[in-house]
Every structure is written in C-alpha cells, then in structure tokens.
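This report concerns only the one structure given below.
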Amino acid sequence: MTKRFYITTPIYYVNGAPHIGHAYTSIAADVLARFKRMDGYDVFFLTGTDEHGQKVEAAARAAGLDTQAYTDTISQDFRDMTDAMGVSYDDWIRTTEQRHKDSCAALWKKIEAAGDIYLGHYEGWYSVRDEAFYDEGELVTLPDGSKIAEKSKAPVEWVKEPSYFFRLSAWQDRLLEFYEQHPDFIAPTSRRNEILSFVKGGLNDLSVSRTTFNWGIPVPDAPGHVMYVWLDALTNYITAAGFPDTTAPRWDFWPADVHFVGKDIIRFHAVYWPAFLMAAGIAPPTRISSHGWWVVDGEKMSKSLGNVVEPRVLAKTFGLDQIRYFLLREKPFGADGSLNHQAIISRMNVELANDLGNLAQRSLSLIAKNLDGKLPARGDATPEDSALLDAANALPDIVRLHMDRQTFHEALEEIWKVIRSANGYIDRQAPWALRKTDPERMAVVLRVLVDTIRVVATLLQPFMPASIGRMMDQLGVAPDARSLADLAVPLADGLALPAPQGVFPRYVEPVA
RNA sequence: GGCGGCGUAGCUCAGCGGUAGAGCAGGGGAAUCAUAAUCCCUUGGUCGGCGGUUCAAAUCCGUCCGCCGCUACCA
C-alpha cells in the first residue's frame, strides 16, 4: 500500500492582499510536499481561502461589491500569488463552496449529537477585526472611553446575544492526555509548552455561533445563527478530504500529517480543532507545525508602516527559487527572522552562485572540455574520494529527518556542508592539473564530483524546483529518475552531458 | 503576578561539566578549472553581572540586570 501524506496550509483570510507571510507558509508546506512525493509518498497538499465573517462582509461593503463577488476577486488574487510561488497544491478550497457548507453542517450535527453543543447567551467584549472574544483584563481603555484589545489594538464592542456554545471546558483532561500521548503534536517545543500551560490553566466553553451578521455558514436548524468563523475555517481540512463522505477516496488521507500554521493561530489548531474533532468522533491531526514572523528591515511588517512585502515583487527582483531558498534558509522555521535586500543578496551570491552554482559549473566544464562531455566511469576510490562520497550518501537520511521536523534551515546547512567539502575536494585534487599528469585520475575525480552534486541537487529539488531541474538536466539525470530512490542507480558511464550553463547567476545591484 | 525562553567573536547563531566553535564580515597567502568564483591560514570573545557547587562551569544552582513569548489578575 502506498504511503499517504496530507499537508495543509491555513486557508488565507480574504480581508486583505497576500503578503510575504502567506507566501512563506505556503512555500514551506510546498517544500515538504515535494520532498514527500520525491520520497515515495502519495501526497495530498491542500490550501485555499477563508471567506466568511463580519470582517469580510464589511470589507466588501466598503469596496462597494457584492460579498461573493468580493471574495471571488480576493481569493483569485491569493491563488495567483500561490501559483506564482510555484506551490504545488492538489486542491484549492474556498469556504464559500457548497462542499464545505455541507461538511460544516455535518460536523456541527455530530458534535451536537454528542452533547457538546448547547444554546446559551453570549455576553462580553468582541473584536470584529480579530474575530475573537476578550476578557476585561485583555483590554485597554482609550482616553475617549472606547476599549481596544491590548495585544492586537483592535477595537472591541460589548455584545449580548444568544449563542451556541461548544463545551470546551469538558475537554481539558482529554486534551492533556492527547498531548501527553502525542509529544510531537505541536512544534516547536516552546509552543507546545505554551499550549500545555494554557490548557492546564483551565478552559472556558467557546461561543460557536453568532446572530449579528449573515455572512457565514448557517447553523443547522437554528435560523439566525451562523457558525463562528474558526469552526467554519478549521473544518476545511476535513472538507477537502471528502467529509462527511467517509467513503470518499481522499478520506484515506485523514488525519492530516502536518497542518502548517503561523504562530498567531496555534491555539485554534492545537486546542479547539482537536477538541472539535474528538467530540465528533473524528481523529485529530498528527502535527501542528508553527512558524515565526518575518521582520522587514528591522520593523514588524504592517500596512500602516507601508513596509508590506509583496512576494511576487520579490520573486521578480531576485528570482523565485532564490526567494524560496532564502525564506527557508535564513532563519529557523519556528523563530522570527529578518528579511532585507542585503541578506537576500548575500545568500544568493555566496551560497547559490559561489558555493553551489560555481561548483557545478567548474566540475561540468572540465568534463565538457577534457572528456568530450562524456560522463566518466567510477574508479577506485581514494580515502578523499570516499570521505566526500560517504558524506553525500549520508545526506538523504539526515535531510529526511530534518524535513519530518520541519527544521528546514538545518537540512540546508547539512547539504551545504557537503557542498563546501566538494569545493575543498576539487581544489585539493586539482583535476585541471591532473589533466596533464594523470588523465585517468582526473576522470575519476570528476565522476566523484558529479555523483556528489547529483545527491545534493536531488535533495534541493523541493526547495528550488526550476533551477535545480536545470542542474539535473546538465548532470544527465533523466526527468523521470530524480527521486530519492533513484539515487541508488548510478548514472550510466559515457553518458553524454549537455554543455554546462550557469544555473545561479550572481546578483548585481542595478545601477541607479 | 505566574509559567517559560533568551543574553557566547563586528553580525547571525551552535555548543550546554573536562584546554572557547561555525557561517558571514575583516586581514594575509595559494591557485587560476570555474559565475573575479574557489582553497588554505588568520585577527577577534574575561561565553550579560555577582555569588555558590565541583578537581574542573557558557555548560549545574542561587540572585540581579536586560530582552522576548504565553498566561492571569487587579482595577
């Protein structure tokens, strides 16, 4: 039976334009999806847009558009951005689709039938902008008497309305037991500890319906109530797997293997979501992997500061693969990090152009010029040959381990250690000198280099699919033989290699 | 207020009980196959402060200072 792997991004909220943060999550998920496919898994990779809620309704009205027409436009913009980032999703879900409405209604009924939903009254402070309820203590009173949420600075209003509640308080012990039994459920560990301490501190029942607006999914048999946007949004992950049709082919993918999320929405995914699912008798996801923010030129990215980074512009300036590489290389996945032109150029020139691109170019040029472009055969390995080849051959297992933990920057660092070793190797072996003194040895050295670069390139495909695809072409690796398993089969001796061309050009600052 | 994390070379960080490390940046040299790329060597730190444990502490404990995260409460 084929190994299945289900990866999701959050569905992006359509109340604004896509920015680098959205692209980051999607690219990270894409890298894992591509890696898993390359490692023999049948992958289902889901992304899409979250389109309900009061904020969206208001934004549409402000834009003078019909709400559905408004969400159509924004959703398409997100989809264009996602495509432009080379994200290889298998399904694009929208919460306004009928399949999702059916799924939400079915999930609601299951939870209700289990006795975990009851009708009550909600009374308290609510922020439309955050789609969240706040306690008094989380608020700050402004000089004009109005109140805002201390953390998000979003205005709140006093709301009193009938509301359905999810009996979250009853799930505390079962959640803690679940976390205990699944130590890898939340990544990184620091976030796991925060969630643990939050749940240990006690849980309040959660208001899961609203009556003050209509742009949402109707609560079954409860006119006037629409579902709380987070219940609606989270459900997308099972909708796309076919829920409520548990005989759907895709249902075999559930539970999801990794939900990628930003650090701002961990609680929804790590507390509410498993509770909803367990209440409905559905298995919770396997892992919630959360990441940090990009800080731009030292400032938090925000619309008011005007420093919002458009991923399509970045890709156009530096190249898509260069940006994908930078985003996963520059900082640990779970941590915050800084994005600026100098840092991008440095990674691009030092690591991609100088270390990797130049290594491939100098190695392949020697084959083109001295061996008539024919791949030399392997020869007896010297200790130096073996040291390099052993390091390269150990990489797939090391990288797989890091991918499973989403420690992307460490995976890349391990790959770069081998690339740096290869540059040292070529210098010490000096095949350009061997050409005259010992042509046979020169051929063996060049073969060691090609074999090493092949392993490195294979592992880098998920990160930089287009560029590395070109490198694979130059290495003579057939398009249908580029998986991890294919590494076991040596390239054919005497294989004709195409003329090498630079894959990673240096970035030169345009003259102003 | 509680819980937790962090503070190590100019920068980003690893090390987490046994003579201070990596990458980048800086300096010197080699080589010239290659995208003026590469390789080798090298400058640089009293590992936030102060106490303690230990034969031995970035590494363990206490305390203080400074940042950050989660959370709570007062009003």
Side-chain angles (χ1 to χ4, degrees), chain A residues 134-141 147 150-151 186 188-204 262-267 270-271 290-293 295 298 300 319 322 326 329-332 334-340 342-371 384 388 407 409-410 412-417 419-437 439 442-443 445-446 449-450 453 467 470-471 474 499-508:
Chain A
Y134 287 103
D135 290 329
E136 195 79 15
E138 295 176 281
L139 304 177
V140 174
T141 306
K147 290 176 185 292
E150 186 172 19
K151 201 163 71 176
I186 303 164
T189 308
S190 52
R191 297 295 171 189
R192 176 175 192 272
N193 292 339
E194 288 178 0
I195 290 296
L196 246 56
S197 86
F198 171 71
V199 174
K200 281 176 182 163
L203 298 170
N204 296 319
K263 64 181 183 181
D264 55 327
I265 56 173
I266 299 172
R267 188 196 295 181
V271 181
S290 68
H291 67 253
W293 302 141
V295 169
K300 187 172 170 80
Q322 282 77 359
F326 175 83
R329 170 60 164 153
E330 182 69 4
K331 71 175 186 70
D336 291 352
S338 179
L339 178 88
N340 62 69
Q342 252 336 299
I344 295 171
I345 292 168
S346 178
R347 291 288 180 195
M348 213 179 136
N349 287 353
V350 174
E351 294 179 355
L352 294 181
N354 297 355
D355 289 345
L356 174 59
N358 187 52
L359 171 68
Q361 182 70 7
R362 66 201 300 210
S363 303
L364 292 170
S365 289
L366 288 163
I367 292 176
K369 289 182 182 173
N370 303 310
L371 295 169
E384 270 225 316
L388 182 60
T407 42
H409 79 296
E410 291 187 45
L412 289 168
E413 174 59 21
E414 293 295 337
I415 293 170
W416 248 260
K417 280 182 187 165
I419 292 172
R420 291 190 204 106
S421 298
N423 270 317
Y425 171 85
I426 194 173
D427 261 55
R428 283 188 299 277
Q429 300 303 318
W432 48 89
L434 291 169
R435 178 181 49 167
K436 291 174 181 166
T437 60
M442 175 197 73
V445 166
L446 293 175
L449 284 162
V450 168
I453 296 168
S467 308
R470 270 178 271 132
M471 186 173 285
Q474 296 185 29
Q501 286 180 3
V503 169
F504 294 106
R506 287 178 64 79
Y507 181 84
V508 182

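Letters A, B, ... are given to chains in the order of the sequence lines, protein chains preceding strands, and every chain is numbered from 1.
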Between N or O atoms, less than 3.5 Å apart, protein on one side and nucleotides 25-30 of chain B on the other: list the pairs.
none

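- U32(B) and C40(B): their C1' atoms are spaced 15 Å apart (whole Å).
- For Asn354(A), a side-chain nitrogen or oxygen approaches OP1 or OP2 of U38(B) to under 4.0 Å.
- Using atom C1' as the reference point in both A56(B) and G66(B), the two lie 30 Å apart (nearest Å).
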For nucleotides 10-15 of chain B, tabulate all protein N/O to nucleotide N/O atom pairs closer than 3.5 Å, reporting atom names and distance.
none

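- Nucleotide A25(B) carries an anti base; the chi torsion (O4'-C1'-N9-C4 or O4'-C1'-N1-C2) is more than 90° from 0.
- Across the C1' atoms, A9(B) and A25(B) are found 11 Å apart, a figure rounded to whole Å.
- Considering only side-chain N and O atoms, Lys369(A) lies under 4.0 angstrom from the phosphate OP1 or OP2 of A34(B).
- The residue among Arg428(A) and Ile195(A) whose nearest nucleotide of RNA chain B lies closer to the 5′ end is Arg428(A).
- Nearest to the side chain of Arg420(A), among C33(B), C70(B), G23(B), sits G23(B).
- Distances shown here put every side-chain N or O of Arg362(A) at or beyond 4.0 Å from the OP1 or OP2 atom of A37(B).
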Response to the item:
Taking Watson-Crick and G-U wobble contacts under 3.5 angstrom, with | marking pairs to another strand and [ ] crossing pairs, the secondary structure of RNA chain B is written ((((((((.[[[[.)..(..]]]].(((((.......))))).....[[[[[..)....]]]]])))))))....
